[in-house]
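Proteins come first, then strands; the chains are lettered A, B, ... in the order of their sequence lines, and each starts at number 1. Values reported hereafter were calculated over all heavy atoms of this structure, with side chains retained and with hydrogens, waters and symmetry mates removed.
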Amino acid sequence: MGEAPAMTDNIGKFLVFSLQGQRYGLDLAKVAEVGDSPRISAIPLVPACYSGALNFNGDIVAVIDLALLLGLTGNERPGKIVVLHREVSSLAFLVEMVIRIAAENELTHRMPSDNAFAAATLWLPDGDVTLLDLEAIIHEAENIIKPPKIT
Amino acid sequence: MRIPIGHKFIIGFIVVVAAVAFSPGAVARLGYSPELSGVLGYVVAMTTGLILGWLFSKGFTANIEKLADSAKSISRGDLTGEVTIRPSRIPDEIHELAYLIDLMLQNLRELVRHIKKTSGQLTESAREINATAQEINASTEEVAQAIGQISRGAETQARLVDKGSKTIREMAISIELVAARARETAKTARETSLTAQHGGALANDSLERMKEFFEKQEQIGQQFDTFNGKLQKVGKVADCIGDIARQTNLLAINASIEAARAGEYGKGFAVVAEEVRKLADGSSQSAADIGEMIEDLRVESRKVHEVILESSHSIKEGKKNIDVTASAFQEILKTVLDTERKASSIADLSLMQKEGSARMVLAVDDIAKVADDNAASTVQVSAATGEQLAAMQNMAIATRELTQLADELMVVVERFQIDNG
C-alpha cells in the first residue's frame, strides 16, 4: 500500500465510469453505492430513459439509463448501477462499467465543457473524463417526467 | 496294103516309061502318015509322060505340102488343127509321118494345156504366197515391235524387281528392328509389372498404416474432448475468480465511497480500500488473462482438432485415392501383363516375319534372275525376230520374182493356141 497521499476534505474525488465506450465522471460525494445491476421493476407510462425502480436499503429509487438520458447511442448494454446519495436525489444510474475512483490531485488539466450536462473535462493520466453536472441531469430527469405546466 | 514310097516311085516310073514306050504304037494305029505318026507319036509320048509324071509327082507332093503346112502352123504355135491327109488304099511312109505328127500335135496340145493350167495355178499360188508373205511380213513387223516392247518391259521389270528386292531387304531390316523393340517392350513390361506389384504392396501397406492412424486419431479426439472439458473447468474457476474480483472491486469502491463520507476518519480506510480495489483489479485482470488464455487455448486446441479432422478428411480422401491407386496398380499389372503377352506375341510374329522376309528376299532374287533372263531372252527373241523379218522380206522378194517368172511363163505358154476361138 505504501505512503498514502495526503487526503483532506477539500480534496475532491470522482467516480470514473463508462457509457457507450466513453469515460464519464461523477462527484464521489454524491454517490451512495455502486453495484451489479439488480432486478429492476418496470414503471409503466414513463419515458424510455426510466428503466424502472428498485429497492435500495428500503428506499424506492428510480433507475435512469444514463446513456439514453444523455442521448448517447450505441450497442453496449449497461451492466452496473450507480446509486446517488439519498440526500442528493432518489435516483440510480445504469452505467456500462465502473472503472475507478480518481482524486482531484491526479488531474493534469481541467477545462470547462460546452456540453449542457457536463461540468468540465478532466485530464487524467489514463485518459480524459467528462465530469457530469449532476444538478443539470437531475433537473432534466425531473423535467422529462413532469407533466407540462399549465399556465 | 502298104507300099513303101520308093516302090511307088519305081512303079510310077515304070508306068511313065510304059506309057511313053506304047504311045508311038497307039498313034501309028490311027492311020496317020508315018512321018506324021512318028512326030505325033513323040508328042503323045512326051505329053503322056508329062501328064503321068505331073500326076505322080502331084500325088507325092500334095501330102508332103500338107504336112509342111501343119508343121509350119505348129512351129507358129498353132496347135488347134489336125494333121490329116487324104486317106489312101495304099498308105506309105507319108501317111505314117502324118499320123505321127498328128500324134505329136495331140501330145503337144496336151502338154501345153497342162503347162498353161499349171502355170496359171502357179501364178495364182505365187500371188497367194506373195500376199501371204506380205501379211507374214507385216505380222512379223508387228511381232518385232511387240517383242521390242516386251524387251523394254522386261528391262523395266528387271529394274523394278531390283528395286523391290532392295525394298524387301530394307523391310527385313525394319522387321528385325521391330522384333528387337518388341523384345525390349516385353522386358520393360515385365519390369513394370514388378514395379506395379511393388506399388500395389506399398499402397496396401499405406492403407494398413492409415487404419492405424485413424484409430490413433480417434484416441486423440477423445483426449481432446477430455482436455477441453478440463479447460472448461479451469475457465469456470477463472470466471469465478473474475466474479469475485469484480465484486471485490465494487466493494472496494463502495468502501472508498464510505471512507470519503467518513472524512478525516476514513482517510486510512480509503487507502486500504483503494489498495483492495487495485488488488481486485489485478485479480480481475489476471482472471481475465486466464480466461483469455483458456479461450486462446480452446481456440488453438479447436484449431488443432479441426486441423486433425481436416487432415483426417484429407487422409480419408487419401485413403480413397490409395484404394483407387491400389486398384489402379492392379489394373496396371493386368494391362502390363497383357502388354507383355502382346509384345512377346509381336516379337514371335516378327521373328516369323523375319524368316518369311528372308524367304521373300530369296524369292525376289530368283524373280530378279528370271527377269534378267527374260530380258536377255527377249533380246535374243528380238534378234531372232529381226532375222525372221529379214528372211520374210527375202521370201517376199523371192515370191515376187516367182510371180514374175510365172507370169513370163504364162506369156510364153500363151503363144500356143490349143483351142479354136
Would A/K80 and B/R246 satisfy side-chain contact (heavy atoms from CB on, under 4.5 Å), going step by step from the backbone distance to the final call?
CA-CA 11 Å; A/K80 294 285 189 277; B/R246 213 164 39 245; 3.8 Å; yes
Go through the steps to decide whether B/K278 and A/R100 satisfy the test side-chain contact (heavy atoms from CB on, under 4.5 Å), and finish with yes or no.
CA-CA 9 Å; B/K278 280 180 186 165; A/R100 68 179 183 103; over 6 Å; no
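For the pair A/V31 and B/I257, the tightest heavy-atom approach, listed with the atom from each and the gap, is O-CG2, 3.0 Å. Closest approach of B/I253 and A/L15 over heavy atoms only: CG2-CD1, 3.8 Å. The shortest heavy-atom contact between A/I101 and B/S256 is CD1-CB, 3.1 Å. Between A/L28 and B/A260 the shortest heavy-atom distance is CD2-CB, 4.2 Å.
Residues B/Q247 and A/D36 form a side-chain contact, since some pair of their non-hydrogen atoms from C-beta on lies under 4.5 Å apart.
Heavy-atom neighbours of B/E184 CD from other residues, nucleotides or ligands within 6.0 Å: above the threshold of 12. Heavy-atom contacts from other residues, nucleotides or ligands closer than 6.0 Å to CZ of B/F269 number 12 or fewer.
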